[in-house]
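Take a look at the structure below.
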Amino acid sequence: MDEERREEERVTVSLEVFWEGGSGLHPARISDISLGGCYLDTIGSAEPGEVIGLTIKLPDGERLTLRGEVAFRIKNLGFSVCFTFLTDEEQRLLTQLINR
C-alpha cells in the first residue's frame, strides 16, 4: 500500500484465529489489530471485498467472533481485514484486547 488509509493505530500482537470465507475454514495468526481492522498471516485465499468471519482466541482462553471485509491481500502471505460490522459489545471486547 502506498498510502496509509488507517484511521486507528494498530497494535502488534500474535493471536491465533480461525477465519471462514468462500474458500472454507482456515487457521491464521493476527499480527496487528485495531478497532478498525487487523492483518492475518495465512496461506488461505480471500479476495478484496469478501466478507469473512473471524474467531480470535483471546489470551484468557475465551473466543471473540467478529466479521469484516477483506481490504487487500498479499498472495500466499495474508490479508488485511476491515471491521465494518462491530456491535457495541464486540467493540467493547476488542477495545479490552487492544488495551492489554
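Please read these numbers as outputs of a predicted model, since none were measured by experiment. Basis for what follows: all heavy atoms, side chains included, without hydrogens, waters or symmetry-related copies.
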| field | Heavy-atom donor-acceptor pair, Glu50 side chain to Gly22 backbone, under 3.5 Å | value | yes
| query | Got a donor-acceptor contact below 3.5 angstrom from the Ser23 side chain to the Ser45 backbone? | reply | yes
| field | Working for side-chain contact (heavy atoms from CB on, under 4.5 Å), residues Arg10 and Ser80 | value | CA-CA 12 Å; Arg10 292 199 179 185; Ser80 178; 3.5 Å; yes
| Are Leu64 and Ile30 in one and the same hydrophobic cluster, where Ile, Leu, Val, Met, Phe, Trp and Tyr link if side-chain heavy atoms are under 4.5 Å apart? | yes
| request: Using a cut-off of 6.0 Å, state whether more than 12 heavy atoms not belonging to Leu77 lie near its atom CG. | output: yes
| request: Determine yes or no for a side-chain-to-main-chain donor-acceptor pair under 3.5 angstrom, with Arg67 supplying the side chain and Leu54 the backbone. | output: no
| field | Hydrophobic cluster identity match, Val13 and Leu58, side-chain contacts under 4.5 Å | value | yes
| query | Could you walk me through whether Glu9 and Ser34 pass the side-chain contact (heavy atoms from CB on, under 4.5 Å) check? | reply | CA-CA 6 Å; Glu9 186 171 336; Ser34 75; over 6 Å; no
| message | Which heavy atom of Glu90 sits nearest to which heavy atom of Leu66, and what is that distance? | response | CB-CD2, 3.7 Å
| request: Could you check Trp19 against Val81 for side-chain contact (heavy atoms from CB on, under 4.5 Å), going step by step and ending with a plain yes or no? | output: CA-CA 11 Å; Trp19 66 272; Val81 175; over 6 Å; no
| field | Spacing of CD belonging to Glu16 relative to CD1 belonging to Ile56, to within rounding of 0.5 Å | value | 12.0 Å
| request: Please report the C-alpha distance between Arg73 and Glu47 in whole Å, then the side-chain angles of each, then the deciding distance to 0.1 Å, and finally whether the side-chain contact (heavy atoms from CB on, under 4.5 Å) criterion is met. | output: CA-CA 7 Å; Arg73 74 177 178 126; Glu47 296 298 320; 3.5 Å; yes
| remark: Heavy-atom closest pair (Gln96 atom, Arg92 atom, distance to 0.1 Å) is NE2-NH1, 2.8 Å
| remark: Rounded to the nearest 0.5 angstrom, the CG-OG distance for Asp32 and Ser14 is 11.5 Å
| request: Kindly give the heavy-atom pair with the smallest separation between Phe79 and Tyr39, and that separation in Å. | output: O-CD1, 3.4 Å
| remark: Value for CD (Glu62) from CG (Leu93), rounded to nearest 0.5 Å, stands at 9.5 Å
| field | Enclosure of Asp88 CG (heavy-atom neighbours >12, cutoff 6.0 Å) | value | no
| message | Rounded to the nearest 0.5 Å, what separates atom CD1 in Ile43 from atom CG in Asn76? | response | 7.5 Å
| said: Looking at every non-hydrogen atom in both residues, tell me the closest pair between Leu97 and Pro59 and how far apart they are. | reply: CD1-CD, 3.9 Å
| said: Which heavy atom of Phe83 sits nearest to which heavy atom of Cys38, and what is that distance? | reply: CZ-SG, 3.8 Å
| Considering all heavy atoms, the nearest Thr42-His26 contact | OG1-CB, 4.4 Å
| task | Return the set of residues passing side chain to side chain contact (heavy atoms under 4.5 Å, CB included) with Ile98 (not counting sequence neighbours), or none when no residue passes. | result | Val11, Ile33, Leu35, Leu94
